[in-house]
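These notes are about the structure you will find just below.
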Amino acid sequence: MTLSVRGIGRSFGGFRALEDVSFEMPSTDLLGIIGPNGAGKSTLFSVVSGFIAADTGSVVLDGRPLDRLGAAARARAGMVRTFQVPREFHHLTVRENLMAAAPDQTGEGLFGLFLRPGRVRAEEAAIGAEADAAIEFLRLGAVAATPAGRLSGGQKKLLELGRALMAKPRLILLDEPFAGVNPVLVEQLIERITALNTRGIGFLVIEHDLDALSRLVPRLVVMDRGRVLATGTPATVLADPAVREAYLGGAVA
Ligand SMILES: Nc1ncnc2c1ncn2[C@@H]1O[C@H](COP(=O)(O)OP(=O)(O)OP(=O)(O)O)[C@@H](O)[C@H]1O
Ligand SMILES: [Mg+2]
């Protein structure tokens with residue numbers, strides 16, 4: 001049960017956004033990814049989750065190379081990501097957004113809708129039940145019928161996590177889950193992510209809030225200019241002079 005990222009490289013035009021990025025984690029663990037703006041963190045998530053292709057290297061989940069699979073196939077293999085800017089449907093309610101995030105719906109194709117209406121109805125009921133479970137788990141009950149566009153920043157992040165959960169993943173990649181989230185909801189997110197982790201779901205978490213992240217994850221990968229600069233416990237990594245120089249500008253006590 002391992003996620004293995006091996007020698008990933010990716011260029012945009014002549015610009016090397018990722019160069020020889022490698023790390024490994026038990027796929028049931030929590031791993032933090034930090035680094036200055038533009039370090040390549042979100043690009044790494046896009047490569048690992050299959051939204052963009054790598055130029056070099058390989059992503060291997062539980063011994064299976066995923067390189068030829070797109071994002072939908074990787075989601076079916078158990079790995080999903082969230083986006084730095086939440087991608088909810090503004091006009092749909094929270095519950096509808098969750099239902100829309102469920103993969104592989106028979107009714108999505110015209111043929112399914114006309115040929116198997118009974119099955120479509122049963123599937124919709126099952127997906128509705130899953131959406132309700134996610135709403136309860138994430139404590140979004142008060143806004144379940146609210147259009148997602150009207151949610152607070154923190155509630156949108158909770159919905160984003162809920163949308164990821166609808167794919168029943170084993171491993172979730174969270175891109176800045178605490179950005180723009182008030183402190184009370186940050187604590188709620190940490191608590192919910194920890195609860196999911198104790199149920200066996202692994203997490204990769206990109207975050208600039210080092211204090212909150214250090215309370216959530218036991219291990220950090222530090223990126224700088226497309227490369228891995230350091231790996232280790234938050235205490236070790238944040239005390240590393242190279243990390244302080246590159247990432248913190250030596251400014252953090
Ligand atoms: N599709 C793209 N085309 C061209 N350049 C890109 C593309 N995506 C990312 N980049 C560039 O790659 C570099 C890494 O970007 P990335 O978004 O991965 O950084 P990041 O570490 O997530 O930063 P932040 O902390 O600000 O979110 C940046 O210089 C960015 O401009
Ligand atoms: Mg980013």
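All ligand and atom numbering here is 1-based and tracks the order in the structure.
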So, [X] and [Y], do they make that salt bridge, N to O below 4.0 Å?
X: Arg215; Y: Asp211; answer: yes
X: Asp62; Y: Arg170; answer: yes
X: Arg225; Y: Glu19; answer: no

Short side-chain donor-acceptor distance under 3.5 Å, [Y] and [X]:
X: Thr82; Y: Glu160; answer: no
X: Arg10; Y: Thr56; answer: no
X: Thr236; Y: Thr233; answer: yes

| message | Residues around ligand 1, heavy atom under 4.0 Å from any ligand atom, sorted by chain and number. Can you pull those? | response |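 Close residues (ligand 1, cut-off 4.0 Å): Phe12, Phe15, Ala17, Pro36, Asn37, Gly38, Ala39, Gly40, Lys41, Ser42, Thr43, Gln84, Glu176, His208.
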| the Mg ion (ligand 2) neighbourhood, protein N/O/S only, threshold under 2.8 Å |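 Listed by chain and number, the nearby protein N, O or S atoms are Ser42 OG, Gln84 OE1.
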| request: Write down the atom of Leu173, the atom of Met79, and the distance for their closest heavy-atom approach. | output: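 Heavy atoms only, the tightest pair is CD1-CG, 3.8 Å.
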| Candidate pair Gln155 and Val94, rule side-chain contact (heavy atoms from CB on, under 4.5 Å), full reasoning | CA-CA 10 Å; Gln155 289 169 329; Val94 164; over 6 Å; no
| Is NZ or CZ of Arg139 both nearer than 6.0 Å to the six-membered ring centre of Phe137 and within 45° of the ring axis? | no
